[in-house]
Amino acid sequence: MYALETENQRMYFNARDIYLKLFENTNNYEYLVKYLTITTQLKEYALVKENASKYMLENIKEEEVILRLYAYALFKLQEKEAAILNAEKLIFTYKNAVNYELLGSIYLEDKQYLKSYEAFNNAFLLNDASNTLLTLTNIQFMNLNQKEEAIKRLENYIHNNDYNFNVSLQLLAFYENIKAQDRLVSFLKNMYFYYKQNDNQLLLNKTKALFLKYVVNNDVKTVIDFWEQNGEEDEILLNLYRMTNQSQKAYNLLNKFYKNSNNMDFLAQQAILEFEMAKDKKMILSSVINKFEKVLETLDNPIYQNYLAYILIDYDLNVNRGIYLVKKALEKDPANVAFLDTLAWGEYKVKNCKEAYTYMKQVVDEVGLDDEEIKLHWEKIKECKE
């Protein structure tokens with residue numbers, strides 16, 4: 001009871017020592033198994049080796065576990081020949097998936113890939129487990145140059161096992177490795193439809209993320225078309241529209257988001273897009289300003305404060321309010337050069353040339369004069385100061 005309580009309190013070193021004493025006093029091999037198991041968990045493989053070999057007996061009910069822990073300890077101690085010998089002895093008497101996997105792992109470490117494959121294959125025939133399959137097909141693909149065989153095996157397993165997500169990830173990695181982009185995209189679509197039909201939102205979202213990982217950089221149009229065809233009006237689609245400069249589509253989608261959620265961030269993003277898309281910006285100033293003013297009633301956001309501030313200053317609509325807003329933005333991010341540029345421009349507009357020069361010099365010292373707008377502001381403010 002004391003040993004169990006000590007183990008429950010995670011005093012593992014004390015617990016395992018008690019189990020060893022109990023074994024030595026009672027010759028009950030259940031206690032030896034507990035000792036060896038905890039010692040293995042503590043990664044003290046030399047002690048596992050020493051005591052397993054010292055007390056090993058054949059034809060007892062604990063023989064399999066003790067022999068397995070002994071072989072594993074030898075494996076971790078890099079005594080590969082002895083580990084293989086004992087793992088093969090284990091398999092001879094106790095043919096189960098766990099023991100085959102141990103033997104396969106030792107062979108794999110020893111770079112005996114074909115023997116490792118055979119051991120894991122035997123384990124898989126017994127347990128049909130996805131983790132075993134992952135190791136098995138990885139050996140096929142990476143070490144035995146059986147790429148298509150490994151792929152086919154994964155495909156069959158996935159179709160028969162509810163599109164197991166981890167196995168699907170390995171299949172996608174294999175497709176990418178052999179540059180089978182068409183097969184990769186087709187499989188991702190199948191994953192999407194399967195998870196959607198089975199109302200598995202978690203795996204559906206993960207599959208969407210995989211589109212971004214594997215497809216967007218090579219063929220963003222395919223992803224956009226797929227999202228549109230399947231009614232996926234989400235922030236991924238919004239970002240894809242932005243990435244491909246489809247501003248009007250992004251604006252329309254933001255409008256839907258805002259109407260459905262009343263989220264002021266969406267309204268602010270609409271205002272930014274509306275301003276950036278306009279050919280005649282003076283025509284939309286009132287609309288853009290109204291949106292930002294509504295946003296800033298509830299959001300204390302420095303990006304939006306600066307954006308509105310710059311419009312008010314640059315178009316001479318309300319320079320003093322612009323200065324007030326950008327100063328609020330700078331309270332949250334004092335070193336932001338975009339904010340400092342806005343403030344410098346505002347001070348210039350109200351003829352505070354010395355202050356404008358001080359702020360603008362910080363901007364120029366930080367980023368230089370490559371940007372045409374910064375260069376214009378610098379020249380104007382220098383003239384003002386002089």
message: With a 4.0 Å cut-off on N to O distance, would you call Arg68 and Glu63 a salt bridge?
response: no
- request: Answer yes if the side chains of Asn96 and Glu64 hold a donor-acceptor pair under 3.5 Å, and no otherwise.
  value: yes
- prompt: Below 4.0 angstrom, N of the basic side chain to O of the carboxylate: do Glu148 and Arg153 qualify?
  reply: no
task: Answer yes if the side chains of Tyr31 and Glu62 hold a donor-acceptor pair under 3.5 Å, and no otherwise.
output: no
task: Would you confirm whether Gln170, through its side chain, and Leu134, through its main-chain N or O, come within 3.5 Å as a donor-acceptor pair?
output: yes
- request: Kindly compute the distance separating CG (Leu108) from CG (Leu103), expressed to the nearest 0.5 Å.
  value: 11.0 Å
query: Parallel, tilted or perpendicular: which fits the ring planes of Tyr315 and Phe275, with parallel below 30° and perpendicular above 60°?
result: perpendicular
- request: With sequence neighbours excluded, tell me which residues meet side chain to side chain contact (heavy atoms under 4.5 Å, CB included) with Asp162.
  value: Tyr194
message: Which residue in the set Leu47, Thr40, Ile18 passes side-chain contact (heavy atoms from CB on, under 4.5 Å) when paired with Tyr35?
response: Leu47
- request: Look only at the side chain of Lys349 and the backbone of Ile313, and say whether a donor-acceptor pair between them is shorter than 3.5 Å.
  value: yes
task: Assess the side chains of Gln305 and Asp300: does a donor N or O sit below 3.5 Å from an acceptor N or O?
output: yes
query: Do Lys361 and Tyr357 get their side chains close enough for a donor-acceptor pair, meaning under 3.5 Å?
result: no
field: Donor-acceptor contact present, side-chain Tyr29 to main-chain Tyr55, <3.5 Å
entry: yes
Minimum heavy-atom distance Ala150-Phe174, with the two atoms named: CB-CE1, 4.2 Å
message: Evaluate Tyr359 against Trp345 for ring pair (Phe, Tyr, Trp, His ring centres under 6.0 Å), listing each step before the verdict.
response: CA-CA 9 Å; Tyr359 296 129; Trp345 196 231; over 10 Å; no
field: Sidechain-backbone polar pair: Asn198 side chain, Asn200 backbone, donor-acceptor under 3.5 Å
entry: no
Residue that, paired with Phe193, satisfies ring pair (Phe, Tyr, Trp, His ring centres under 6.0 Å) out of Phe187, Phe226, Tyr163: Phe226
query: Partners of Phe165 by ring-ring contact (aromatic ring centres under 6.0 Å, His included), sequence neighbours excluded?
result: none
message: I'd like to know if the side chain of Asn28 reaches the main chain of Phe23, judged simply by a donor and an acceptor atom lying under 3.5 Å from each other, with no hydrogens or angles considered.
response: no
- prompt: Tell me, which pairs form a salt bridge (Lys or Arg N to Asp or Glu O under 4.0 Å) where one or both residues lie in residues 253-272, sequence neighbours left out?
  reply: Glu233-Lys256
